[in-house]
Number of protein chains: 2
Amino acid sequence: MTDSFDSSESAEARAGSGPEARATDVLEALHVYSAAEAAMRRRTGTAMGLGENDLLALRFILDNHAGGRTTASKDVTRYLGISSASTTVLLHRLEKGGFIERRPSSTDRRSIEIFATATAEGDTGPMLALAQEQMSMTTESLTVEEARTITKFLTMMRKTVDQIGHRRPN
Amino acid sequence: MTDSFDSSESAEARAGSGPEARATDVLEALHVYSAAEAAMRRRTGTAMGLGENDLLALRFILDNHAGGRTTASKDVTRYLGISSASTTVLLHRLEKGGFIERRPSSTDRRSIEIFATATAEGDTGPMLALAQEQMSMTTESLTVEEARTITKFLTMMRKTVDQIGHRRPN
DNA sequence: CGGATTAGCTAGTAAAACTAGCAAACCGGG
DNA sequence: CCCGGTTTGCTAGTTTTACTAGCTAATCCG
(Lines give C-alpha, C1' and ligand atoms only; values in the text may rest on other atoms or scores of the structure.)
Protein backbone atom coordinates (compact mmCIF):
# COMPACT_ATOMS: atom_id res chain seq x y z
CA MET A 1 0.00 0.00 0.00
CA THR A 2 2.22 2.79 1.23
CA ASP A 3 5.21 0.49 0.95
CA SER A 4 5.60 1.90 -2.52
CA PHE A 5 6.34 5.40 -1.34
CA ASP A 6 9.86 5.60 -2.72
CA SER A 7 10.89 8.84 -1.04
CA SER A 8 10.70 7.23 2.36
CA GLU A 9 14.16 5.78 2.55
CA SER A 10 15.96 8.92 1.50
CA ALA A 11 15.37 10.80 4.74
CA GLU A 12 16.83 8.00 6.76
CA ALA A 13 19.69 7.47 4.37
CA ARG A 14 20.66 11.13 4.48
CA ALA A 15 20.08 11.33 8.22
CA GLY A 16 23.63 12.36 8.87
CA SER A 17 24.57 14.56 5.92
CA GLY A 18 24.81 18.32 5.38
CA PRO A 19 23.42 20.92 7.78
CA GLU A 20 20.80 22.33 5.37
CA ALA A 21 19.53 18.89 4.50
CA ARG A 22 18.53 18.27 8.13
CA ALA A 23 15.48 20.48 8.29
CA THR A 24 13.93 18.98 5.18
CA ASP A 25 14.78 15.51 6.39
CA VAL A 26 12.78 16.08 9.52
CA LEU A 27 9.85 17.43 7.56
CA GLU A 28 9.99 14.55 5.14
CA ALA A 29 10.17 11.99 7.92
CA LEU A 30 7.20 13.64 9.57
CA HIS A 31 5.27 13.64 6.34
CA VAL A 32 6.08 10.03 5.59
CA TYR A 33 5.05 9.05 9.06
CA SER A 34 1.72 10.83 8.64
CA ALA A 35 1.01 8.98 5.42
CA ALA A 36 1.91 5.67 7.04
CA GLU A 37 -0.32 6.37 9.99
CA ALA A 38 -3.27 7.33 7.81
CA ALA A 39 -2.81 4.15 5.80
CA MET A 40 -2.67 2.12 8.99
CA ARG A 41 -5.84 3.72 10.25
CA ARG A 42 -7.53 2.95 6.95
CA ARG A 43 -6.48 -0.70 7.12
CA THR A 44 -7.54 -1.08 10.74
CA GLY A 45 -10.75 0.85 10.22
CA THR A 46 -12.07 -1.00 7.21
CA ALA A 47 -11.11 -4.25 8.89
CA MET A 48 -13.78 -3.57 11.48
CA GLY A 49 -16.25 -1.54 9.49
CA LEU A 50 -15.36 1.93 10.70
CA GLY A 51 -14.20 5.02 8.89
CA GLU A 52 -11.07 6.96 9.72
CA ASN A 53 -12.81 9.60 11.80
CA ASP A 54 -14.90 7.00 13.59
CA LEU A 55 -11.72 5.28 14.64
CA LEU A 56 -10.07 8.51 15.75
CA ALA A 57 -13.13 9.42 17.76
CA LEU A 58 -13.26 6.00 19.36
CA ARG A 59 -9.62 6.15 20.32
CA PHE A 60 -10.18 9.61 21.72
CA ILE A 61 -13.09 8.36 23.82
CA LEU A 62 -11.19 5.30 25.00
CA ASP A 63 -8.22 7.45 25.91
CA ASN A 64 -10.42 9.78 27.90
CA HIS A 65 -12.08 6.84 29.57
CA ALA A 66 -8.71 5.38 30.49
CA GLY A 67 -7.76 8.73 31.97
CA GLY A 68 -10.95 8.89 34.01
CA ARG A 69 -12.41 11.72 31.93
CA THR A 70 -15.88 11.71 30.41
CA THR A 71 -16.35 12.79 26.83
CA ALA A 72 -19.02 15.07 25.42
CA SER A 73 -20.14 15.57 21.84
CA LYS A 74 -18.49 18.97 21.69
CA ASP A 75 -15.15 17.43 22.69
CA VAL A 76 -15.28 15.08 19.74
CA THR A 77 -16.32 17.96 17.50
CA ARG A 78 -13.32 19.99 18.51
CA TYR A 79 -10.92 17.10 18.46
CA LEU A 80 -11.80 16.03 14.93
CA GLY A 81 -12.34 19.54 13.62
CA ILE A 82 -15.64 18.63 11.97
CA SER A 83 -19.06 20.23 12.31
CA SER A 84 -21.33 19.49 15.24
CA ALA A 85 -23.87 17.98 12.87
CA SER A 86 -21.34 15.52 11.53
CA THR A 87 -20.38 14.65 15.07
CA THR A 88 -23.98 13.86 15.96
CA VAL A 89 -24.27 11.45 13.06
CA LEU A 90 -20.87 9.95 13.80
CA LEU A 91 -21.79 9.27 17.40
CA HIS A 92 -25.13 7.76 16.42
CA ARG A 93 -23.22 5.52 14.06
CA LEU A 94 -20.89 4.41 16.84
CA GLU A 95 -23.84 3.88 19.16
CA LYS A 96 -25.76 1.81 16.65
CA GLY A 97 -22.61 -0.25 16.15
CA GLY A 98 -22.57 -0.90 19.87
CA PHE A 99 -19.26 0.81 20.54
CA ILE A 100 -20.49 3.62 22.75
CA GLU A 101 -23.40 4.65 24.93
CA ARG A 102 -24.84 8.14 25.11
CA ARG A 103 -26.30 9.25 28.43
CA PRO A 104 -27.57 12.69 29.37
CA SER A 105 -25.08 14.59 31.45
CA SER A 106 -25.92 14.95 35.10
CA THR A 107 -24.46 18.43 35.38
CA ASP A 108 -25.46 20.03 32.07
CA ARG A 109 -28.84 19.00 30.79
CA ARG A 110 -28.02 20.09 27.23
CA SER A 111 -24.99 17.86 27.11
CA ILE A 112 -24.42 14.14 26.81
CA GLU A 113 -21.82 11.88 28.33
CA ILE A 114 -20.26 9.30 26.09
CA PHE A 115 -19.14 5.94 27.42
CA ALA A 116 -17.28 3.22 25.63
CA THR A 117 -19.05 -0.13 25.89
CA ALA A 118 -17.49 -3.44 26.76
CA THR A 119 -17.64 -4.23 23.08
CA ALA A 120 -15.46 -1.27 22.29
CA GLU A 121 -13.02 -2.15 25.05
CA GLY A 122 -12.97 -5.83 24.25
CA ASP A 123 -13.27 -5.77 20.51
CA THR A 124 -11.60 -2.56 19.53
CA GLY A 125 -9.38 -2.40 22.55
CA PRO A 126 -7.04 -5.25 21.65
CA MET A 127 -6.84 -3.97 18.10
CA LEU A 128 -5.89 -0.50 19.16
CA ALA A 129 -4.03 -1.71 22.21
CA LEU A 130 -1.80 -3.80 20.03
CA ALA A 131 -0.90 -0.76 18.00
CA GLN A 132 -0.54 1.29 21.15
CA GLU A 133 1.69 -1.31 22.73
CA GLN A 134 3.98 -1.63 19.77
CA MET A 135 4.28 2.12 19.56
CA SER A 136 4.89 2.34 23.28
CA MET A 137 7.73 -0.11 22.99
CA THR A 138 9.31 2.18 20.46
CA THR A 139 8.91 5.28 22.58
CA GLU A 140 10.15 3.55 25.71
CA SER A 141 13.47 2.81 24.08
CA LEU A 142 14.13 6.55 24.03
CA THR A 143 16.32 8.31 26.52
CA VAL A 144 14.89 11.05 28.68
CA GLU A 145 16.73 13.59 26.61
CA GLU A 146 15.42 12.25 23.31
CA ALA A 147 11.86 12.04 24.57
CA ARG A 148 11.99 15.63 25.70
CA THR A 149 13.40 16.79 22.39
CA ILE A 150 10.73 14.99 20.40
CA THR A 151 7.86 16.10 22.59
CA LYS A 152 9.02 19.68 22.43
CA PHE A 153 9.38 19.49 18.67
CA LEU A 154 5.94 17.97 18.10
CA THR A 155 4.32 20.53 20.34
CA MET A 156 6.03 23.31 18.43
CA MET A 157 4.92 21.85 15.14
CA ARG A 158 1.36 21.55 16.36
CA LYS A 159 1.29 25.20 17.29
CA THR A 160 2.70 26.13 13.91
CA VAL A 161 0.20 23.98 12.08
CA ASP A 162 -2.68 25.32 14.14
CA GLN A 163 -2.01 28.78 12.81
CA ILE A 164 -2.18 27.85 9.14
CA GLY A 165 -5.43 28.64 7.35
CA HIS A 166 -7.81 29.94 9.99
CA ARG A 167 -11.39 28.92 9.78
CA ARG A 168 -13.96 28.20 12.41
CA PRO A 169 -16.69 25.59 11.89
CA ASN A 170 -19.77 26.08 14.01
CA MET B 1 -10.01 24.76 16.54
CA THR B 2 -7.66 22.16 17.85
CA ASP B 3 -6.48 24.66 20.41
CA SER B 4 -9.32 23.37 22.50
CA PHE B 5 -7.99 19.84 22.68
CA ASP B 6 -7.68 19.85 26.44
CA SER B 7 -5.29 16.94 26.73
CA SER B 8 -2.79 18.82 24.61
CA GLU B 9 -1.20 20.94 27.25
CA SER B 10 -0.66 18.08 29.63
CA ALA B 11 2.10 16.50 27.59
CA GLU B 12 3.96 19.74 27.44
CA ALA B 13 3.29 20.60 31.03
CA ARG B 14 4.50 17.23 32.25
CA ALA B 15 7.47 17.32 29.90
CA GLY B 16 9.90 17.20 32.77
CA SER B 17 8.43 14.66 35.16
CA GLY B 18 9.09 10.95 35.73
CA PRO B 19 10.90 8.75 33.21
CA GLU B 20 7.89 6.49 32.54
CA ALA B 21 5.65 9.44 31.87
CA ARG B 22 7.85 10.47 28.96
CA ALA B 23 6.96 7.60 26.68
CA THR B 24 3.25 8.33 26.86
CA ASP B 25 3.95 12.02 26.52
CA VAL B 26 5.68 11.40 23.23
CA LEU B 27 2.81 9.29 21.96
CA GLU B 28 0.29 11.84 23.06
CA ALA B 29 2.20 14.66 21.42
CA LEU B 30 2.36 12.63 18.24
CA HIS B 31 -1.39 12.00 18.30
CA VAL B 32 -2.18 15.59 18.97
CA TYR B 33 0.10 16.69 16.18
CA SER B 34 -1.53 14.26 13.76
CA ALA B 35 -4.97 15.59 14.57
CA ALA B 36 -3.77 19.16 14.14
CA GLU B 37 -2.18 18.36 10.81
CA ALA B 38 -5.29 16.68 9.48
CA ALA B 39 -7.36 19.66 10.56
CA MET B 40 -4.89 22.00 8.89
CA ARG B 41 -5.03 20.02 5.66
CA ARG B 42 -8.79 20.18 5.78
CA ARG B 43 -8.74 23.95 6.25
CA THR B 44 -6.14 24.55 3.54
CA GLY B 45 -7.84 22.19 1.15
CA THR B 46 -11.29 23.69 1.36
CA ALA B 47 -9.70 27.12 1.15
CA MET B 48 -8.62 26.37 -2.40
CA GLY B 49 -11.32 23.96 -3.44
CA LEU B 50 -9.41 20.74 -2.97
CA GLY B 51 -10.05 17.78 -0.75
CA GLU B 52 -7.54 16.19 1.57
CA ASN B 53 -6.55 13.44 -0.84
CA ASP B 54 -6.36 15.87 -3.74
CA LEU B 55 -3.86 17.86 -1.78
CA LEU B 56 -1.85 14.81 -0.81
CA ALA B 57 -1.82 13.60 -4.41
CA LEU B 58 -0.74 16.99 -5.68
CA ARG B 59 2.08 17.16 -3.20
CA PHE B 60 3.09 13.63 -4.18
CA ILE B 61 3.17 14.61 -7.85
CA LEU B 62 5.09 17.80 -7.16
CA ASP B 63 7.59 15.86 -5.05
CA ASN B 64 8.07 13.34 -7.83
CA HIS B 65 8.43 16.13 -10.35
CA ALA B 66 11.04 17.81 -8.18
CA GLY B 67 12.90 14.52 -8.01
CA GLY B 68 12.83 14.09 -11.77
CA ARG B 69 10.37 11.19 -11.64
CA THR B 70 7.20 10.95 -13.68
CA THR B 71 3.99 9.87 -12.00
CA ALA B 72 1.40 7.41 -13.30
CA SER B 73 -2.16 6.90 -12.18
CA LYS B 74 -1.27 3.62 -10.52
CA ASP B 75 1.40 5.38 -8.44
CA VAL B 76 -1.16 7.75 -7.01
CA THR B 77 -3.50 4.83 -6.43
CA ARG B 78 -0.90 3.01 -4.42
CA TYR B 79 0.30 6.07 -2.58
CA LEU B 80 -3.14 7.09 -1.38
CA GLY B 81 -4.39 3.57 -0.89
CA ILE B 82 -7.65 4.25 -2.71
CA SER B 83 -9.26 2.44 -5.63
CA SER B 84 -8.17 3.01 -9.21
CA ALA B 85 -11.61 4.33 -10.01
CA SER B 86 -11.36 6.97 -7.33
CA THR B 87 -7.92 7.88 -8.61
CA THR B 88 -9.24 8.41 -12.11
CA VAL B 89 -11.87 10.81 -10.88
CA LEU B 90 -9.41 12.53 -8.58
CA LEU B 91 -6.95 13.13 -11.43
CA HIS B 92 -9.68 14.39 -13.72
CA ARG B 93 -10.65 16.78 -10.98
CA LEU B 94 -7.08 18.04 -10.69
CA GLU B 95 -6.82 18.33 -14.47
CA LYS B 96 -10.05 20.27 -14.78
CA GLY B 97 -8.78 22.53 -12.05
CA GLY B 98 -5.70 23.16 -14.15
CA PHE B 99 -3.24 21.70 -11.66
CA ILE B 100 -1.97 18.79 -13.73
CA GLU B 101 -1.73 17.51 -17.29
CA ARG B 102 -2.30 13.94 -18.35
CA ARG B 103 -0.34 12.71 -21.35
CA PRO B 104 -0.23 9.19 -22.72
CA SER B 105 2.94 7.40 -21.73
CA SER B 106 5.48 6.94 -24.49
CA THR B 107 6.58 3.53 -23.25
CA ASP B 108 3.32 1.95 -22.13
CA ARG B 109 0.31 2.87 -24.20
CA ARG B 110 -2.15 1.87 -21.48
CA SER B 111 -0.56 4.23 -19.02
CA ILE B 112 -0.54 7.99 -18.58
CA GLU B 113 2.14 10.38 -17.42
CA ILE B 114 1.08 13.09 -15.03
CA PHE B 115 2.73 16.49 -15.07
CA ALA B 116 2.21 19.38 -12.71
CA THR B 117 1.34 22.57 -14.55
CA ALA B 118 2.79 26.00 -13.94
CA THR B 119 -0.43 26.77 -12.12
CA ALA B 120 0.21 23.99 -9.68
CA GLU B 121 3.78 25.12 -9.16
CA GLY B 122 2.90 28.78 -8.98
CA ASP B 123 -0.53 28.78 -7.41
CA THR B 124 -0.57 25.76 -5.19
CA GLY B 125 3.12 26.00 -4.57
CA PRO B 126 2.93 29.22 -2.55
CA MET B 127 -0.07 27.96 -0.64
CA LEU B 128 1.67 24.76 0.29
CA ALA B 129 4.97 26.58 0.42
CA LEU B 130 3.61 28.90 3.08
CA ALA B 131 2.79 25.97 5.27
CA GLN B 132 6.03 24.31 4.29
CA GLU B 133 7.97 27.48 5.01
CA GLN B 134 6.47 28.02 8.42
CA MET B 135 7.15 24.43 9.29
CA SER B 136 10.66 24.73 7.90
CA MET B 137 11.34 27.66 10.16
CA THR B 138 10.45 25.47 13.08
CA THR B 139 12.63 22.60 11.98
CA GLU B 140 15.54 24.86 11.18
CA SER B 141 15.74 26.00 14.76
CA LEU B 142 16.79 22.49 15.70
CA THR B 143 20.34 21.44 16.39
CA VAL B 144 21.95 18.69 14.35
CA GLU B 145 21.58 16.34 17.27
CA GLU B 146 17.91 17.07 17.76
CA ALA B 147 17.12 16.75 14.08
CA ARG B 148 18.82 13.39 13.96
CA THR B 149 16.96 12.16 17.03
CA ILE B 150 13.60 13.21 15.66
CA THR B 151 14.20 11.82 12.20
CA LYS B 152 15.33 8.52 13.65
CA PHE B 153 12.30 8.37 15.92
CA LEU B 154 9.82 9.15 13.16
CA THR B 155 11.36 6.56 10.90
CA MET B 156 11.15 3.96 13.63
CA MET B 157 7.54 4.85 14.26
CA ARG B 158 6.72 4.59 10.61
CA LYS B 159 8.15 1.11 10.44
CA THR B 160 6.14 0.11 13.50
CA VAL B 161 2.97 1.56 12.10
CA ASP B 162 3.51 -0.10 8.73
CA GLN B 163 3.29 -3.50 10.38
CA ILE B 164 -0.01 -2.83 12.11
CA GLY B 165 -3.24 -3.96 10.51
CA HIS B 166 -1.86 -6.91 8.64
CA ARG B 167 -2.94 -9.01 11.56
CA ARG B 168 -6.15 -10.31 13.13
CA PRO B 169 -7.42 -9.30 16.57
CA ASN B 170 -9.39 -12.55 16.98
C1' DC C 1 -35.40 38.69 34.42
C1' DG C 2 -34.03 38.61 29.50
C1' DG C 3 -30.71 38.54 25.76
C1' DA C 4 -26.73 36.02 24.21
C1' DT C 5 -24.35 31.88 23.90
C1' DT C 6 -23.79 26.85 23.88
C1' DA C 7 -24.97 21.75 23.09
C1' DG C 8 -26.98 18.70 20.40
C1' DC C 9 -30.25 17.44 16.88
C1' DT C 10 -32.92 17.09 12.10
C1' DA C 11 -33.26 17.67 7.19
C1' DG C 12 -31.57 18.18 2.86
C1' DT C 13 -27.42 18.60 -0.16
C1' DA C 14 -22.78 17.84 -1.93
C1' DA C 15 -18.45 15.66 -2.22
C1' DA C 16 -15.77 11.81 -2.70
C1' DA C 17 -15.00 7.16 -1.95
C1' DC C 18 -16.61 2.43 -3.22
C1' DT C 19 -17.93 -1.91 -6.30
C1' DA C 20 -18.64 -3.92 -10.71
C1' DG C 21 -17.34 -4.42 -14.91
C1' DC C 22 -15.10 -3.05 -19.59
C1' DA C 23 -11.53 -2.21 -23.42
C1' DA C 24 -6.98 -1.78 -24.71
C1' DA C 25 -2.26 -2.89 -24.03
C1' DC C 26 1.28 -5.76 -22.25
C1' DC C 27 3.65 -10.19 -20.93
C1' DG C 28 5.00 -14.90 -21.18
C1' DG C 29 4.58 -19.92 -22.08
C1' DG C 30 3.67 -23.14 -25.53
C1' DC D 1 3.43 -16.28 -33.50
C1' DC D 2 -0.68 -16.32 -30.49
C1' DC D 3 -3.64 -16.89 -26.88
C1' DG D 4 -4.66 -16.72 -21.92
C1' DG D 5 -3.82 -14.00 -17.95
C1' DT D 6 -2.61 -9.60 -15.96
C1' DT D 7 -2.26 -4.63 -15.71
C1' DT D 8 -3.90 0.17 -16.60
C1' DG D 9 -7.18 3.37 -16.68
C1' DC D 10 -11.91 4.32 -17.54
C1' DT D 11 -17.43 4.65 -16.99
C1' DA D 12 -21.61 3.98 -14.39
C1' DG D 13 -24.19 3.61 -10.45
C1' DT D 14 -24.24 3.29 -5.35
C1' DT D 15 -22.96 4.37 -0.66
C1' DT D 16 -20.74 6.84 2.77
C1' DT D 17 -19.87 10.84 5.17
C1' DA D 18 -19.22 15.58 5.74
C1' DC D 19 -21.49 20.04 4.95
C1' DT D 20 -24.93 24.09 5.55
C1' DA D 21 -29.05 25.89 7.48
C1' DG D 22 -31.77 26.20 11.04
C1' DC D 23 -34.25 24.55 15.36
C1' DT D 24 -35.00 23.68 20.55
C1' DA D 25 -33.66 23.55 25.06
C1' DA D 26 -30.42 24.74 28.61
C1' DT D 27 -27.07 27.70 30.61
C1' DC D 28 -24.59 31.97 31.41
C1' DC D 29 -24.27 36.68 32.58
C1' DG D 30 -25.22 41.74 32.89
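Lettering follows sequence order; numbering is per chain, from 1.
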Listed partners of E113(A) passing salt bridge (Lys or Arg N to Asp or Glu O under 4.0 Å), at least two apart = none
Residue list, side-chain contact (heavy atoms from CB on, under 4.5 Å) with S84(B), at least two apart or on another chain | T77(B)
Residues that N53(A) engages under side chain to side chain donor-acceptor pair (under 3.5 Å), provided they are two or more places apart = none
Taking five pairs at each end of the helix from dC1(C)-dG30(D) to dG30(C)-dC1(D), what angle separates the two helix axes (nearest 10°)?
-> 40°
Tell me, which of residues 105-113 of chain B have any heavy atom that sits under 4.0 Å from an atom in DNA chain C?
-> T107(B), D108(B), R109(B), R110(B)
What is the nucleic acid contact for T88(B), judged by heavy atoms within less than 4.0 Å: base, sugar-phosphate only, or nothing?
-> base
Minimum side-chain heavy-atom gap L154(B)-I150(B) below 4.5 Å | yes
Side-chain N,O (N53(B)) to OP1/OP2 (dA17(C)) below 4.0 Å | yes
Would you please name every residue forming a side chain to side chain donor-acceptor pair (under 3.5 Å) with S34(A), sequence neighbours left out?
-> E37(B)
Who are the side-chain contact (heavy atoms from CB on, under 4.5 Å) partners of A72(B), not counting sequence neighbours?
-> K74(B), D75(B), S111(B)
Proximity to the side chain of A72(B) - top-ranked nucleotide from dT10(C), dT17(D), dG9(D) | dG9(D)
What protein N or O atoms touch nucleotides 18-21 of chain C N or O atoms at under 3.5 angstrom, if any, and at what distances?
residue	atom	partner	partner atom	Å
dC18(C)	OP2	S83(B)	N	2.8
dC18(C)	OP2	S83(B)	OG	3.0
dC18(C)	OP2	S86(B)	OG	2.7

Nearest whole angstrom, please: distance from the P of dT16(D) to the CG of L50(A).
-> 13 Å
Value in whole Å for how far the P atom of dA7(C) lies from NZ of K74(A) = 5 Å
Side-chain contact test, heavy atoms from C-beta onward, threshold under 4.5 Å: evaluate it for T71(A) versus I100(A) and give yes or no.
-> no
R78(A) CZ - dA7(C) P separation (whole Å) = 6 Å
Atom CD of E52(B) and atom P of dA16(C) are separated, to the nearest Å, by 11 Å
May I have the distance from H92(A) (atom NE2) to dA11(C) (atom C1'), rounded to whole angstrom?
-> 14 Å
Going by atom types only, do S86(A) and S83(A) share a side-chain donor-acceptor pair under 3.5 Å?
-> yes
Quickly work out the R93(A) CZ to dT16(D) P distance and round it to whole Å.
-> 10 Å
Rounded to whole angstroms, how far apart are CG on L94(A) and P on dT17(D)?
-> 10 Å
Distance, rounded to the nearest Å, where D54(B) contributes CG and dA18(D) contributes C1' = 15 Å
Any residue meeting side chain to side chain donor-acceptor pair (under 3.5 Å) with E52(A), in chain and number order, not counting sequence neighbours | none
Taking only residues two or more places apart in sequence or in another chain, which ones pass salt bridge (Lys or Arg N to Asp or Glu O under 4.0 Å) with R109(A)?
-> none
What residues form a salt bridge (Lys or Arg N to Asp or Glu O under 4.0 Å) with E101(A), not counting sequence neighbours?
-> R103(A)
Taking only the side-chain nitrogens and oxygens of R102(A), find out if one of them lies under 4.0 Å from OP1 or OP2 of dA7(C).
-> no
With sequence neighbours left out, the residues meeting side chain to side chain donor-acceptor pair (under 3.5 Å) with S105(B) are T107(B)
